[in-house]
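It should be emphasised that the depicted structure is a prediction, and the values quoted were computed from it without experimental measurement. Letters go in sequence order (proteins before strands), and every chain restarts at 1.
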Amino acid sequence: MQKPSIPKGTRDFTPPEMANRNYIFNTIKDVFRLYGFQQIETPAMENLSTLMGKYGEEGDKLLFKILNSGDFLNSLTEQEISDRNSLKLTTKISEKGLRYDLTVPFARFVVQNRDKISFPFKRYQIQPVWRADRPQKGRYREFYQCDVDVVGSDSLLNELELIQIVDEVYRRLKINVVIKINNRKILSGIAEIIGEADKIVDITVAIDKMDKIGLEKVNEEIASKGISENAIAKLQPILKLNGSNSEKLNILKSVLSQSEVGLKGVSELETIFGFCDMMQVQTKIELDLTLARGLNYYTGAIFEVKALDVEIGSITGGGRYDNLTGVFGMEGVSGVGISFGADRIYDVLNTLNLYPETSTENTQILFVSFGDKELIYALPWLSVLRNKGINAEIYPEPAKMKKQMTYADNKAIPYVAIVGETEMNENKVMLKNMKSGEQILVSVDELLQILNN
RNA sequence: GUGAUCAUAGCUCAGUUGGUUAGAGCGUCGGAUUGUGGUUCCGAAGGUCGCGGGUUCGAACCCCGUUUUUCACCCCA
């Protein structure tokens, strides 16, 4: 017999684990709805042509591809098989893939369903995504993303609302976080004024190392990337950038005074910070120039949320993309969105043990019986309780009392209703409080009264 | 994709320089207790030592390969 197993980087979830995960999903969902977002779903698999080329070269490698059905070798020539070119072969034998994120399928959804939606379109989507990554801490091959996006509106009020959503979700989950924010236009502005437009990535990577290796080493590293001395000199105020957000913005304003796009980015951030002040967003927001995630498609704000008490990478990320639907033939639709990483939030909650004690998913009362007659006697009682919305179950056979009681104990069911001949004769049940051990003989009405408290 | 690391009962783990029949705790099942769980006591079931090959008189232990676990890099939630 073979030992059962599941693919690398995937996980099973037990009932108590699911209760905890549902707590996360429900919290996030509640907040999304509070801000007027509506749910959609898209298929687990997309056409490979929809997915390929949207996440850069790395992303293409991390896509799970689905083998065509039937005799997929039949469509190949001898030449193609003997060439052993995996990359070329892939397009011939696989035309579907598992979704890699929710943003690209959403862009596809918007373009395809434009007749059914009206802008601004506020959608949320909570579904698993798959990446053929090598699993490690906080990294899985199957994990859930909880996306909120609004498309068809340039207003920075959308950025504000997303920040408010982050603020509210983590307040409810009781996780201490910091929101890091950057703006792609500022990064473009920096590249512009030092005349090295294609070096943004190198520069942000170097800035990121400031804390670790210090100013001198960072300058050496930038120089080694072929950036001119003149440009490095101009970069110095940016490398030394610190202080409050407004202090940082003031420095950027003077450094970027010659860059129209850079100043636009600064003013966007000023507006967003102003909104957050006015709306009294509690979470700390930090301007962080090293944030360069998703550089290929973000065009404005870039967000990332980090947990303060657990080392686990970012637990939420997102930004504004001006033309994501462009690749699917629909130009000029701007969107901004963020994605909550449910599985990393789950890890954070697990390490900090932040789950609420009362779980409403649990069974409230278990009926146990001494014989077949008692079993049948209990059935109408169950209906009465269930009709009142009380989670109730019955041990389905008159097993030994010890076994039935152990079952209740293991499931942490707070009440047990014991049914025997004496109880039946009086039209009552023996209600036992499993925590205190007390038990009393009760009628249906008395039972309902106790369970409703 | 690169570099480390782990794998023994359902779970967590022992297992001496390579030496008879591979152990413990927890869990499961049964009993002490035929109307009472969470405490206690007794008993039982449960193993191709990840898989394949090699060295050896002899391998859970040493060597090679492979898969898996965990971790770092890259990238990301």
Interface polar pairs with nucleotides 6-11 of chain B, N/O, under 3.5 angstrom:
none

May I have the list of side-chain donor-acceptor pairs in residues 19-31 of chain A shorter than 3.5 Å, sequence neighbours left out?
| unit_1 | atom_1 | unit_2 | atom_2 | d |
| --- | --- | --- | --- | --- |
| A:Arg21 | NH1 | A:Asp343 | OD2 | 3.2 |
| A:Arg21 | NH2 | A:Asp343 | OD2 | 3.1 |
| A:Asn22 | ND2 | A:Met18 | O | 3.3 |
| A:Asn22 | ND2 | A:Glu361 | OE2 | 3.4 |
| A:Asn26 | ND2 | A:Asn22 | O | 3.0 |
| A:Thr27 | OG1 | A:Tyr23 | O | 2.6 |

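- Per the geometry, NZ belonging to A:Lys137 stands 18 Å off P belonging to B:A77, to the nearest Å.
- Pairs of residues two or more places apart, or lying in two chains, that qualify as salt bridge (charged side-chain N to carboxylate O under 4.0 Å, His left out) and include a residue from residues 100-109 of chain A are A:Glu46-A:Arg108.
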What would the secondary structure line of RNA chain B be in dot-bracket form, counting Watson-Crick and G-U wobble pairs under 3.5 Å, with [ ] for pairs that cross earlier ones and | for pairs with another strand?
-> ((((..(..((((.....[...)))).(((((.......))))).....(((((..]....))))))..))))....

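- Annotation: salt bridge (charged side-chain N to carboxylate O under 4.0 Å, His left out) contacts involving residues 154-163 of chain A, sequence neighbours excluded, comprise A:Lys122-A:Glu161, A:Glu159-A:Arg320.
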Determine all donor-acceptor pairs shorter than 3.5 Å in which one atom belongs to a side chain in residues 395-403 of chain A; sequence neighbours excluded.
none

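- When the ring pair (Phe, Tyr, Trp, His ring centres under 6.0 Å) test is applied to A:Tyr140, no partner is found at least two apart in sequence or on another chain.
- Under the salt bridge (charged side-chain N to carboxylate O under 4.0 Å, His left out) criterion, A:Arg172 pairs with A:Glu168, sequence neighbours left out.
- Within residues 138-147 of chain A, the residues having any heavy atom under 4.0 Å from RNA chain B are, by residue number, A:Gly138, A:Arg139, A:Tyr140, A:Phe143, A:Gln145.
- Evaluation of the ring pair (Phe, Tyr, Trp, His ring centres under 6.0 Å) test over residues 423-453 of chain A, restricted to residues two or more places apart or in two chains, returns none.
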Can you name the atoms? Protein N/O to nucleotides 39-41 of chain B N/O, anything below 3.5 Å, with the distance.
none

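- In this view, A:Gln439 and A:Ile418, A:Met430, A:Lys432 satisfy the side-chain contact (heavy atoms from CB on, under 4.5 Å) rule, not counting sequence neighbours.
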